[in-house]
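Read the structure below first, then the notes.
Along the sequence shown, residues carry numbers from 1. As the structure lists them, so they are numbered: ligands from 1, and atoms in each ligand from 1.
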Amino acid sequence: MRIALLGGTGNLGMGLAVRFAQIGYEVIVGSRKFEKAQERAVKYNEVLKKLGGNSRVIGLQNEDAAKKADVSVFTIPWRHAFSTAERLKDLLTDKIVVSPLVPMERMGDFFIYAPPPEGSAAEKLAEILKKSRIVSAFHNIPAARFAKFDEKFELDVAVCGDDEEAKKVVIGLINQIEGLRALDAGSLAVSRMVESITPLLINLAIKSGSKDLGVRFV
Ligand SMILES: NC(=O)c1ccc[n+]([C@@H]2O[C@H](COP(=O)([O-])OP(=O)(O)OC[C@H]3O[C@@H](n4cnc5c(N)ncnc54)[C@H](OP(=O)(O)O)[C@@H]3O)[C@@H](O)[C@H]2O)c1
């Protein structure tokens, strides 16, 4: 199975790219710019080598990454993800697309959840990518910590989606990543609840002085 991280040049993209490649998947890091994608792929392969793995990451423009992948994760800031989805929608027909998108706004010193009229970022993405199989996941992962490979963690990933088979595939992928436990949280409409946890985590971190909080359901 080939996994693409669209806009996979940021922290969440890096954490997922290296970890999926470590498990043995073919990974494509996508970018708006081919050169940047190539450069990041070299960096991710260097990290993989240090971790004892093989070079499995290639870099392509988002369009080519979407075309070649079976599963594409939108690791793009939410404000820009929807216009990217409009551009890529034909290339993603019938494919699994994962939304980690968290729409939020700053309000003074804190952040609030700012969902679109569709109810959640995942539902808006599904509205644009009508012919894709949308699954919502990874919202509560502290991405900066996730992109450090000497970090140990035990985090839960709540996964939502209306396509049960696609959701099962994504849950299977997540459960192969050391330190992550995927939990089926229900239909895509539940995504708004999961997405809204992320600004709460950030606010708690700001107030308490702790960094990079995640979620574990116990
Ligand atoms: N950061 C977190 O802790 C965290 C946690 C959970 C979920 N998320 C979600 O995961 C997604 C990625 O987060 P991140 O922090 O990794 O993002 P990021 O580092 O801010 O951005 C990731 C990549 O998005 C691409 N991008 C930026 N502006 C763009 C535009 N106008 N059009 C298309 N692509 C653009 C860039 O790639 P190129 O320049 O290479 O194209 C950039 O490297 C977000 O939707 C966020 O809500 C983040």
Polar contacts were defined as any N/O atom of the residue lying under 3.5 Å from an N/O atom of the ligand; does this apply to I76 and ligand 1? yes
Is the ring pair Y25/F20 parallel, tilted or perpendicular, if the boundaries are 30 and 60 degrees? perpendicular
T9 heavy atoms within 4.0 Å reach ligand 1 at atoms 36 (C), 37 (O), 38 (P), 40 (O), 42 (C), 43 (O)
For A143, the ligand 1 atoms with a heavy-atom partner under 4.0 Å come out as 1 (N), 2 (C), 3 (O), 4 (C)
Can you tell me the protein heavy atom closest to atom 21 (O) of ligand 1 and the distance? P77 CD, 3.5 Å
Identity and distance of the protein heavy atom lying nearest atom 8 (N) of ligand 1: P100 O, 3.8 Å
Checking heavy atoms under 4.0 Å, the part of T84 that sits near ligand 1 is side chain
One thing to verify: whether E164 and K167 come together as a salt bridge, which I'm taking to mean a side-chain N less than 4.0 angstrom from a carboxylate O. yes
To check your reading of the model: name the closest protein heavy atom to atom 23 (C) of ligand 1, its residue, and the distance in Å. G7 O, 3.3 Å
Output every pair passing side-chain hydrogen bond (donor to acceptor under 3.5 Å, both in side chains) with a member in residues 196-207, not counting sequence neighbours, ordered by first then second residue. N140-T198
Test: D163 and R133 ion pair at under 4.0 Å: yes
Distance to 0.1 Å, residue and atom name: give those for the protein heavy atom nearest to atom 16 (O) of ligand 1. L12 N, 3.2 Å
Check E105 with R79, please: is the shortest side-chain N to carboxylate O separation under 4.0 Å? yes
Examine the proximity of ligand 1 to K36 and report which part, side chain or backbone, both or neither, has a heavy atom under 4.0 Å away. side chain
Looking at V102, which atoms of ligand 1 are within less than 4.0 Å of one of its heavy atoms? 47 (O)
R181 to F217, cation-pi by 6.0 Å centre distance and 45° axis angle: no
Mode of H139 contact toward ligand 1 - side chain, backbone, both, neither (heavy atoms, under 4.0 Å): backbone
protein heavy-atom neighbour closest to atom 26 (N) of ligand 1 works out as R32 NH2, 3.5 Å
